[in-house]
Amino acid sequence: MNRNLSRLVAVAQKPERRIIGLMSGTSLDGLDVALCRFSGHGPATRVVVEHFATVPYSANLQAQVRRVFARQTVELQHLTLLHAWLGTTHADMVQQCLTQWQVAPTDVDAIASHGQTVFHAPRHQHGLPDWPNATLQLGDADHLAVRTGILTLSDFRQKHVAAGGQGAPLAVYGDYLIFSQSGEDRLLLNLGGIANFTYLAGNLDATAVFSTDTGPGNTLLDAFVRELYPGRQYDENGALAAQGQINTELLAALLDHPFFAASIPRTTGPELFSPTYVREAQHRSHTAHLAPPDLLATLTAFSATSIAGAVRQAFPALPALSIYASGGGMHNPTLMAALRAALPHCRFSTTAALGIAPDAKEAVLFAILANETLVGEARPIGRNEQAVPAVSLGKISFPD
Ligand SMILES: Nc1ncnc2c1ncn2[C@@H]1O[C@H](COP(=O)(O)OP(=O)(O)OP(=O)(O)O)[C@@H](O)[C@H]1O
Ligand SMILES: CC(=O)N[C@H]1[C@@H]2OC[C@@H](O2)[C@@H](O)[C@@H]1O[C@H](C)C(=O)O
């Protein structure tokens, strides 16, 4: 048997595994690196986050990714170069973390690499009836495996698409395994560039579980803060939006898009929710000359209202739900206050209350996907249109 295959079998048979989860989302703020220790699989999964860091993306890295990010037209050579370069750059970031944590690469069983999404194209968004759902993540994992010497699983979204999904949200697989709790109906709400949630039924009915994107989280806020306040990357603690007034005409125009009426699950990205989207809504609502704080207040309300709208669409009877937030947006008190106001029947806390640091959650979820692919088995979650493809996700890259 090939040496790599026998090593793979040995990793799968270990009582405990250390897997590094890597996630770099649509905010392009950095690479989240979570070193996780696993035992078990499926609903018996036990995960402890031994170390976590966000390695910030340099201004150059952000600029290089933005040359292709969510763009209809790109320079093909640059896209090709990025694929290899991000793979080696992510490998160097992993090595930097391991050195800092004083962990030897030989003590890590696997890396689970999400890669950098550069374009997300579900059919409902590209609108081309003869073309499939599609999504593209860069940062080739062979480069990670060869450079770190660690077995690497990657490119988790393609199998989801191949099995009938939109390539997202994938959080549902891990949320279901580690956050389901008898007696509590839960929403796991991630407030990243794009916001999404997973519903977990308190009666532990796997067929009732579903997940969906809801629309913008921080992506529009970040884009306009960068444009209107040069040198700033985001609305720190929601302070700018807190000084502004919500413009109800613009808010109504922003919410006037078929995405918000589409059936659940629906996924999206900055391809749709871009500054151009906002400018068109401003044009339609005659609000092109809003003061910057008023624009940010309205965009914050747009995120909160669209998230609350998706929750109300999914649960029209307004049952009491416990919402556990994660992702960078939970550090924005203006956004969180707007969410609380829009969903007064829900109880809010963060995944810290469930034992997973909210900034680490998405990276941990990719480590869980790798653990399942190595040790677990595909299992059915959800039903009908909300069924989650029952497949093992990710491709395997060997170090040699
Ligand atoms: N103190 C803070 N105040 C306000 N916003 C904050 C704060 N800290 C982080 N954020 C927001 O969180 C963002 C980063 O969030 P996160 O890392 O969860 O996004 P992501 O993983 O890139 O997104 P996605 O889940 O869409 O892939 C920042 O760009 C900023 O908008
Ligand atoms: C295509 C893509 O990268 N989508 C991301 C993005 O960021 C949030 C939301 O949009 C979600 O659908 C997804 O990430 C999370 C980790 C997911 O798949 O669950």
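As the structure is a computational prediction, the values presented were derived from the model and not from experiment. Whatever order the structure lists ligands and atoms in, that order sets their numbers, starting from 1.
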Numbered atoms and elements of ligand 2 in range of [X], under 4.0 angstrom, heavy atoms:
X: Asp213; answer: 9 (C), 10 (O), 11 (C), 12 (O)
X: Thr117; answer: 1 (C), 2 (C), 3 (O)
X: Glu362; answer: 15 (C), 16 (C)
X: Ala168; answer: 12 (O)
X: His120; answer: 1 (C)
X: Thr135; answer: 1 (C)

>> For ligand 1, which is the ligand I care about here, please tell me if Asp32 has any N or O atom under 3.5 Å from one of the ligand's N or O atoms.
In response: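 The answer is no, given that Asp32 and ligand 1 share no N or O pair closer than 3.5 Å.
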
>> If the contact criterion is a heavy-atom separation under 4.0 Å, does Asn196 count as touching ligand 2?
In response: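 Flag set, Asn196 near ligand 2.
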
>> Tell me whether Arg266 forms a cation-pi arrangement with Phe259, defined as NZ or CZ under 6.0 Å from the six-membered ring centre and within 45 degrees of its axis.
In response: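 Flagged: Arg266 positioned over aromatic ring of Phe259.
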
So which heavy atom in the protein is nearest [atom], and how far is it from that ligand atom?
atom: atom 23 (O) of ligand 1; result: Gly193 N, 2.9 Å
atom: atom 19 (O) of ligand 1; result: Ser27 OG, 3.0 Å
atom: atom 13 (C) of ligand 1; result: Asn218 ND2, 3.5 Å
atom: atom 7 (C) of ligand 1; result: Tyr234 CE1, 3.3 Å
atom: atom 21 (O) of ligand 1; result: Glu362 OE1, 3.6 Å
atom: atom 4 (C) of ligand 1; result: Asp235 O, 3.1 Å
atom: atom 8 (C) of ligand 2; result: Ile194 O, 3.5 Å
atom: atom 26 (O) of ligand 1; result: Thr26 OG1, 2.6 Å

I'd like the name of whichever of [options] reaches closest to [atom] through any heavy atom.
atom: atom 3 (N) of ligand 1; options: Asn237, Leu335, Thr300, Asn332; result: Asn237
atom: atom 31 (O) of ligand 1; options: Leu240, Thr219, Asp222; result: Asp222
atom: atom 15 (O) of ligand 1; options: Gly328, Ala239, Gly238; result: Gly328
atom: atom 14 (O) of ligand 2; options: Arg266, Gln137, Lys361, Arg157; result: Arg157

>> When you compare ligand 2 with Ala171, is there at least one nitrogen or oxygen pair between them that comes in under 3.5 angstrom?
In response: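 N/O-N/O distance below 3.5 Å exists for this pair.
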
> Is there at least one pair of N or O atoms, one from Leu170 and one from ligand 2, spaced under 3.5 Å apart?
Replying inline: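 Yes; at least one N/O pair falls below 3.5 Å.
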
>> Using 0.5 Å steps for rounding, measure from the CZ atom of Arg18 to the SG atom of Cys36.
In response: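 Rounded to the nearest 0.5 Å, the CZ-SG separation comes to 10.5 Å.
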
Would a distance-only check, ignoring hydrogens and angles, find a side-chain to backbone donor-acceptor pair under 3.5 Å from [X] to [Y]?
X: Ser27; Y: Asp29; result: no
X: Asp185; Y: Leu321; result: no
X: Asp235; Y: Ala239; result: yes

Proximity of [X] and [Y] rings by center, below 6.0 Å:
X: Phe179; Y: Tyr324; answer: no
X: Phe224; Y: Tyr277; answer: no
X: Tyr176; Y: Phe210; answer: no

Just heavy atoms, cut-off under 4.0 Å: does [X] contact ligand 1 by side chain, backbone, both, or neither?
X: Thr54; answer: neither
X: Met23; answer: side chain
X: Asp29; answer: side chain

Hey, can you pull the donor-acceptor pairs under 3.5 Å for the side chains in residues 129-142, sequence neighbours left out?
from	atom 1	to	atom 2	distance (Å)
Asn133	OD1	Arg123	N	2.7
Asn133	ND2	Gly165	O	3.1
Thr135	OG1	His120	ND1	2.9
Thr135	OG1	Gln137	NE2	3.0
Gln137	NE2	Thr117	OG1	3.0
Asp140	OD2	Asp142	N	3.1
Asp140	OD2	His143	ND1	3.1
Asp142	OD1	Ser397	OG	2.7

Taking atom types as modelled, is there a side-chain donor on [X] or [Y] under 3.5 Å from an acceptor on the other?
X: Arg279; Y: Gln282; value: no
X: Thr54; Y: Asp32; value: yes
X: Gln386; Y: Tyr199; value: no

Relative to the heavy atoms of [X], which atoms of ligand 1 are at a distance of less than 4.0 Å?
X: Glu236; answer: 3 (N)
X: Gly327; answer: 18 (O)
X: Gly192; answer: 18 (O), 19 (O), 23 (O), 24 (P), 25 (O), 26 (O)
X: Gly329; answer: 12 (O)
X: Asn190; answer: 25 (O)

> After noting the C-alpha distance and the side-chain angles of Asp205 and Thr207, does the key distance pass the side chain to side chain donor-acceptor pair (under 3.5 Å) rule?
Replying inline: CA-CA 5 Å; Asp205 177 3; Thr207 67; 2.6 Å; yes

> Does a salt bridge link Arg186 with Asp175, judged by any charged N lying under 4.0 Å from a carboxylate O?
Replying inline: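 Between Asp175 and Arg186 there is no salt bridge, as every charged N stays at least 4.0 Å from the carboxylate O atoms.
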
> Salt bridge or not for Asp400 and Arg3, using N-O below 4.0 Å?
Replying inline: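 Looking at Asp400 and Arg3, the cut-off is met.
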
>> Consider side-chain contact (heavy atoms from CB on, under 4.5 Å). Of His51, Gln96, Glu50, which one does Trp101 pass it with?
In response: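 Answer after filtering His51, Gln96, Glu50: His51.
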
> Between Lys14, Arg7, Arg37, which is the residue that forms a side chain to side chain donor-acceptor pair (under 3.5 Å) with Asp109?
Replying inline: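 Exactly one option meets the side chain to side chain donor-acceptor pair (under 3.5 Å) with Asp109, and it is Lys14.
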
> Is Ile194 near ligand 1, meaning one of its heavy atoms is under 4.0 Å from it?
Replying inline: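 Ile194 counts as a contact of ligand 1 under the 4.0 Å cut-off.
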
>> Under the side chain to side chain donor-acceptor pair (under 3.5 Å) definition, can you give me all pairs with a residue in residues 367-377, not counting sequence neighbours?
In response: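 Pairs touching residues 367-377 that pass the test: Arg17-Asn371.
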
